[in-house]
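So the structure is just underneath, and the comments pick up after that.
Throughout, numbering of the chain's residues begins at 1 and tracks the sequence.
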Amino acid sequence: QVYLVESGGGLVQAGGSLRLSCAASGRTFSRNGMGWFRQAPGKEREFVAAIGWSAAITYYADSVKGRFTISRDDAKTTVYLQMNSLKPEDTAVYYCAAGDPTRYAEKYDYWGQGTQVTVSS
């Protein structure tokens, strides 16, 4: 079992930055790929970014590439999502997940409860 707790969400103006954190506990964190997904009201959950267990491999959705950066600190068993140049369309609940580091939600075994990110125009 892996327990995931997200934090760092909030309200920010367009063009601003936020850093989301996802603290993990339970099974060996360093062996898990990690991902970030988001879900806006009335929309399906969508892939944002993923990172492999070695951190050498990262994947990004085209919509966030160049603006968001995923990273991990195995010593702190935490994965981060640095979000820069935020846009109103980035507004969503952001979830972190542990499992195979792909863009497909069904490949992840564990999920956090989510943290709200709201970007005002």
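Taking CE of M34 as the start and OG1 of T58 as the end, the distance is 14.5 Å to the nearest 0.5 Å. The CD atom of Q116 sits 12.0 Å away from the CD atom of E6 when rounded to the nearest 0.5 Å. In this structure, the separation between CG on L4 and OG on S21 is 12.5 Å, given to the nearest 0.5 Å. Of the inter-residue distances, the one linking S25 atom OG with Y3 atom OH reads 7.5 Å to the nearest 0.5 angstrom. Rounding to the nearest 0.5 Å places CZ of R38 at 5.5 Å from CZ of F68. Rounded to the nearest 0.5 angstrom, Y80 OH and C96 SG are separated by 12.0 Å.
For A14 against S121, the heavy-atom pair with the smallest separation is CB-CA, 4.4 Å. A49 and L81 make their closest contact through CB-CD1, 4.2 Å (heavy atoms, listed as atom of the first residue, atom of the second, distance). Closest heavy-atom contact between L20 and W36: CB-CH2, 3.6 Å. Across every non-hydrogen atom of Q39 and K43, the tightest pair is NE2-O, 3.1 Å. What you find for D74 and W53 is that their closest heavy atoms are OD2-O, 4.2 Å. The two residues S71 and V79 have their closest heavy-atom pair at O-CG2, 3.0 Å.
Between D90 and K87, no side-chain nitrogen of the basic residue sits less than 4.0 Å from a carboxylate oxygen of the acidic one, so the salt-bridge criterion is not met.
Here the side chains of Y108 and T102 are in contact, with some heavy-atom distance below 4.5 Å. Side-chain contact between V2 and D109: absent, with no pair of heavy atoms (C-beta onward) separated by less than 4.5 Å.
Checked against the 6.0 Å centroid threshold, F37 and Y95 do not count as a close aromatic pair.
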(request) For side-chain contact (heavy atoms from CB on, under 4.5 Å), just list the numbers for Y94 and M83, CA-CA rounded to whole Å, side-chain angles, deciding distance to a tenth of an Å, and then say yes or no. (result) CA-CA 11 Å; Y94 283 70; M83 306 186 295; 3.9 Å; yes
(request) Go through T118 and V12 one step at a time and tell me if the side-chain contact (heavy atoms from CB on, under 4.5 Å) criterion holds. (result) CA-CA 6 Å; T118 303; V12 64; over 6 Å; no
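For the 3.5 Å distance criterion, the side chains of N84 and S17 qualify, holding a donor opposite an acceptor.
Distance alone, capped at 3.5 Å, places no donor-acceptor pair between the R19 side chain and the G9 backbone. Between the R103 side chain and the F47 main chain, no donor and acceptor come within less than 3.5 Å of each other. Judged by distance alone, with hydrogens and angles left aside, the side-chain atoms of T78 form a donor-acceptor pair with the main-chain N or O of K76 at under 3.5 Å.
Under the 6.0 Å distance and 45° angle rule, R45 counts as a cation-pi partner of W111.
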